[in-house]
Amino acid sequence: MRLSYPTNIKIIRVPCTGKVDILHILRAFEKGADGVYAVGCMEGDCHFTSGNFRARKRIEQAKVLLDTVGVGGERVEMFNLASSEGPLFAKFATEFVDKIKDLGPNPIKLKKKAA
Amino acid sequence: MIVADKKPIEEIIEELGAHEKILILGCNECVTVCEAGGKKEVGILASALRMYFLNQERDVKIDEETLQRQCDHEYLEEIRDKVDQYDAIVSIACGVGVQFTAEKYFSTPVYPGVNTCFMGATEERGLWTERCQGCGQCILARTGGICPVSRCAKRVLNGPCGGSSDGKCEINKEVICAWQLIVERLKALDRFDDYEELSPLKDWSTDRAGGPRKVVREDVQP
């Protein structure tokens with residue numbers, strides 16, 4: 001397929017998106033990530049039954065918390081696709097990176113640098 | 001266990017005011033089970049507060065610590081050496097833990113990070129319901145193991161009131177009438193005759209009516 005997608009994404013592999021905890025997301029932002037997104041299996045197709053639903057809930061929790069602390073809940077997102085959908089993976093990556101570029105850098109990172 | 005619920009983070013931020021060195025103190029017991037004040041919740045709250053203060057361009061140190069319990073001297077003593085480093089503690093244990101921490105570290109402000117709700121059980125993950133009000137005179141033997149003090153809105157002790165219909169309470173159609181449950185359970189236990197027996201007047205002096213309570217057990221005292 002030789003698809004290309006933005007190179008500024010750091011992929012962290014987990015056995016299932018159900019493994020993704022809200023703490024992982026928060027720590028990523030604390031360390032300066034500009035955006036975090038989880039890519040899980042299609043809803044209803046989770047090998048572990050409900051891992052991707054759990055991930056979605058945690059993403060929603062993270063959105064609320066990040067809005068409250070002023071980082072911005074729109075910097076976290078959840079995507080669903082099947083493992084065979086390479087083009088869709090590249091599309092999501094491009095879309096999300098474009099969205100984050102529009103939003104600008106993580107405000108925490110900027111303040112940390114200034115301090 | 002004691003069931004607590006998270007306080008909105010905005011409220012905790014307001015409590016904290018201008019403090020600059022803050023310890024978030026969790027508890028490994030009840031509040032860990034009800035996912036409101038354990039090690040993980042300490043991490044989430046600390047992370048959120050760090051980001052908030054950074055974003056406000058305020059240099060605030062936020063540290064994390066989770067004790068086995070906050071309602072026992074021996075565990076609370078574990079932070080004695082470091083407590084002077086902080087100008088405030090946010091305790092996300094139950095109200096007992098918050099108060100015991102405040103009593104022990106008298107000159108350090110201690111703020112609550114959760115709302116302590118009741119003594120209850122985990123019906124399923126994310127759903128906790130009340131089971132005991134600690135009235136000090138347990139009558140569960142007489143009521144088939146179902147407590148009308150904690151589960152009946154009126155705390156009536158001799159059968160349901162007139163507000164019970166179709167097994168539900170008049171205060172809310174989702175609340176099951178405790179006396180309906182008691183009758184069903186007594187029948188299942190083949191003890192329905194006991195339902196006819198009038199309950200003696202309950203001594204409420206052991207409940208909150210008698211003021212703050214204490215248990216003294218000389219047999220186990222050192």
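Chain naming here is simple, since letters A, B, ... match the order of the sequence lines and numbering starts at 1 in each. Quantities reported herein were computed from a predicted structural model and do not represent experimental measurements.
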Just by modelled atom types, is the B/A93 backbone N or O under 3.5 Å from a matching donor or acceptor in the B/S91 side chain?
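Yes; at least one donor-acceptor contact below 3.5 Å.
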Interface moiety of A/L66 toward chain B, non-hydrogen atoms closer than 4.5 Å:
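A/L66 touches chain B through side-chain heavy atoms alone.
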Please look at A/D21 and chain B and tell me whether the side chain, the backbone, both or neither of the residue comes under 4.5 angstrom of a heavy atom of that chain.
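Interface part for A/D21: side chain.
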Of the listed residues (A/L26, A/N106, A/T68), which shares the most heavy-atom pairs with chain B below a 4.5 Å separation?
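Max contact count across the listed options: A/L26.
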Let's test your reading of the structure: which of A/L65, A/V71, A/L23, A/L110 forms the most heavy-atom pairs below 4.5 Å with chain B?
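Between A/L65, A/V71, A/L23, A/L110, the count favours A/L23.
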Check A/K63 with A/E77, please: is the shortest side-chain N to carboxylate O separation under 4.0 Å?
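Yes, this pair counts.
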Assess whether a salt bridge exists between A/K109 and A/D34, defined as any Lys/Arg side-chain N lying under 4.0 Å from an Asp/Glu carboxylate O.
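So A/K109 pairs with A/D34 through a salt bridge.
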Quick one: of B/N55, B/I13, B/D59, who has the most non-hydrogen atom pairs under 4.5 Å with chain A?
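Ranked by contacts with chain A, first place is B/N55.
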Quick one, B/K104 and B/R80 - any side-chain contact, counting heavy atoms below 4.5 Å?
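Yes. Closest side-chain heavy atoms under 4.5 Å.
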When you check the side-chain N and O atoms of A/K99 and A/T94, is any donor under 3.5 Å from an acceptor?
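No, A/T94 and A/K99 have no side-chain donor paired with an acceptor closer than 3.5 Å.
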